[in-house]
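By convention in this document, chain letters (A, B, ...) are assigned in the order of the sequence lines, proteins followed by strands, and residues within each chain are numbered from 1. Keep in mind that the numbers below use all heavy atoms, side chains included, and drop hydrogens, waters and symmetry copies.
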Number of protein chains: 2
Amino acid sequence: MTDALDPDMFAQCANVTPLIQIGDKWTSKIIRCLENGPRRFSELRVPLRGITPKVLTETLRAMERDGLLTRTAYAEIPPRVEYELTSLGRTLLEPMAAMCSWAREHMETLLDARDRHLA
Amino acid sequence: MTDALDPDMFAQCANVTPLIQIGDKWTSKIIRCLENGPRRFSELRVPLRGITPKVLTETLRAMERDGLLTRTAYAEIPPRVEYELTSLGRTLLEPMAAMCSWAREHMETLLDARDRHLA
DNA sequence: CAGAATCCCACGAGATACTG
DNA sequence: CAGTATCTCGTGGGATTCTG
């Protein structure tokens, strides 16, 4: 059902994230990663380009605490843990879509203005 | 035309801002402050509860650089400076409304989950 | 009034190494 | 594989003081 995450799925978002953000630096990206179903810890690390395990753990714990996602650990070897958006977490997809839409429409204008100001 | 800003206009947003944010800590609040027309430096300081002049200046300069607002200085004594949203800046009002709407609907649920997790 | 100049600090987040 | 445990550091943002 869920295909592998695109390693470059955030390549275009480099400038967007600092301007419009949900939660901390990584929260909104994690939400997008979980949009199509549960994902494993290692799976998330791929598109989140070089996030350290420590920071990923911290972020996931905070999101779990806020009821945005659930953490499910399977007693297997090797261990497997899956993260999945809750219904509350999924409600964030809507405002996020609005922000992405804004970014697609206006981000270039903003970056142009910024560049012009450097000259 | 524009009434004075409500000093407590952000009283309810204390928990919302850290979760959903545009730009840095103050940007989204400044946008709201300018929603109904131009405002002066001192006028902005009121609802922005204890923002220091340095930080306010930095934030306004960054927003000006990004083309979100314009700065107009009048050669008077005492000096008067007005800040006003550009059309680009006004386009942010729409995604902001979506986020505020989300907050109104779901923030309590989130804070409940957070509280429950502390127990 | 609208800032500029300094000084300062917490904390988000990265690097690195280790483990059940 | 899915984390912990430390250590470290940049910088966003605050406090304070001064000025055209």
Side-chain angles (χ1 to χ4, degrees), chain A residues 2 4-5 7 10 13-15 17-30 33-34 38-66 69-84 114, chain B residues 4-5 7 10 13-15 17-30 33-34 38-66 68-84 114:
Chain A
T2 64
L5 291 171
F10 297 120
C13 297
N15 302 308
T17 307
L19 185 70
I20 306 184
Q21 216 177 324
I22 291 188
D24 62 17
K25 185 176 177 184
W26 302 100
T27 301
S28 54
K29 291 184 177 178
I30 291 176
C33 288
L34 298 179
R39 299 286 182 181
R40 312 179 54 168
F41 192 86
S42 308
E43 223 175 340
L44 293 172
R45 294 185 65 175
V46 178
L48 301 177
R49 292 284 142 159
I51 188 176
T52 59
K54 172 201 162 199
V55 173
L56 181 52
T57 300
E58 285 171 355
T59 309
L60 289 169
R61 293 279 197 273
M63 294 176 70
E64 187 188 7
R65 182 189 49 130
D66 286 349
L69 53 76
T70 56
R71 176 182 184 277
T72 312
Y74 298 88
E76 305 171 355
I77 294 191
R80 179 165 59 101
V81 180
E82 288 195 333
Y83 296 90
E84 185 170 17
R114 185 177 293 186
Chain B
L5 292 172
F10 297 119
C13 297
N15 301 308
T17 307
L19 185 70
I20 306 184
Q21 216 177 325
I22 291 188
D24 61 16
K25 184 177 178 183
W26 302 100
T27 300
S28 54
K29 291 184 178 178
I30 291 176
C33 289
L34 298 178
R39 299 286 182 180
R40 312 180 52 171
F41 192 85
S42 308
E43 223 176 340
L44 293 172
R45 295 185 65 177
V46 178
L48 300 178
R49 294 282 142 161
I51 189 176
T52 60
K54 172 201 165 200
V55 173
L56 180 53
T57 299
E58 285 170 354
T59 309
L60 289 169
R61 292 280 197 273
M63 293 175 72
E64 187 188 8
R65 183 188 48 132
D66 286 350
L68 299 178
L69 53 77
T70 58
R71 176 181 185 278
T72 312
Y74 298 89
E76 306 171 354
I77 294 192
R80 180 166 58 100
V81 181
E82 288 194 335
Y83 296 90
E84 184 170 16
R114 186 178 293 185

Worksheet entry | Euclidean distance, atom CZ of residue A/Arg39 to atom C1' of D/dC1 [Å, nearest integer] | 17 Å
Practice prompt. Could you tell me whether the phosphate oxygens of C/dA2, OP1 or OP2, come under 4.0 Å of any side-chain nitrogen or oxygen in B/Arg80?
Written response: no
Worksheet item: How close or far is atom P of D/dG13 from atom CD1 of B/Ile51, stated in whole angstroms?
Response: 9 Å
Worksheet item: Do B/Ile30 and B/Leu56 have side chains that get closer than 4.5 Å, going by heavy atoms?
Response: yes
Worksheet item: Is any side-chain heavy atom of B/Phe10 less than 4.5 Å from a side-chain heavy atom of B/Cys33?
Response: yes
Worksheet item: Is B/Pro79 close to B/Phe41 at the side-chain level, that is, under 4.5 Å between some pair of heavy atoms?
Response: no
Discussion item. Please pick, from C/dA13, D/dG3, C/dA2, the nucleotide with the shortest atom-to-atom distance to any side-chain atom of A/Val55.
Written reply: C/dA13
Practice prompt. Using a 4.5 Å cut-off on heavy atoms from C-beta on, say whether the side chain of A/Tyr74 contacts that of A/Glu82.
Written response: yes
Worksheet, complete the sentence: Between A/Asp24 and B/Val81, the residue closer to the 5' end of DNA chain C by nearest nucleotide is B/Val81
Discussion item. Side-chain N or O of B/Arg40 versus OP1/OP2 of C/dA2: is the shortest distance under 4.0 Å?
Written reply: yes
Practice prompt. Would you kindly compare A/Thr57 and A/Pro78 by the position of their nearest DNA chain D nucleotide and give the one closer to the 5′ end?
Written response: A/Pro78
Practice prompt. For B/Tyr74, report the nucleic acid contact type (base, sugar-phosphate, nothing); a contact means any heavy atom under 4.0 Å.
Written response: nothing
Discussion item. Under 4.0 Å, heavy atoms only, any strand: does A/Arg61 hit a base, just the sugar-phosphate, or nothing?
Written reply: sugar-phosphate
Item to complete: Measure from CE on B/Met63 to C1' on D/dG12 and round the result to the nearest Å.
Response: 16 Å
Worksheet item: Expressed in angstrom and rounded to an integer, what is the separation of A/Tyr83 atom OH from D/dC1 atom P?
Response: 15 Å
Worksheet item: Expressed in angstrom and rounded to an integer, what is the separation of A/Glu58 atom CD from D/dA5 atom P?
Response: 12 Å
Worksheet entry | Length of the line joining B/Leu56:CG and C/dA5:P, which is rounded to integer Å | 17 Å
Practice prompt. Rounded off to whole Å, could you give me the CD-to-P distance for the A/Glu43 and D/dC1 pair?
Written response: 12 Å
Worksheet item: Hey, does the side-chain of A/Lys54 have a donor or acceptor N/O within less than 3.5 Å of a partner on the base of C/dG14?
Response: yes
Worksheet entry | Nucleotide nearest A/Ser42 (side chain, heavy atoms from C-beta), chosen from D/dA2, C/dA17, C/dG14 | D/dA2
Worksheet entry | B/Thr52 vs D/dA15: side-chain N/O to OP1/OP2 distance below 4.0 Å | no
Item to complete: Please determine if a side-chain N or O atom of B/Lys25 lies less than 4.0 Å away from the OP1 or OP2 oxygen of D/dG14.
Response: yes
Worksheet item: Under a 4.5 Å cut-off applied to non-hydrogen side-chain atoms, are B/Lys25 and B/Pro18 in contact?
Response: no
Worksheet, complete the sentence: From CG of B/Leu60 across to P of C/dG3 the rounded distance in Å is 8 Å
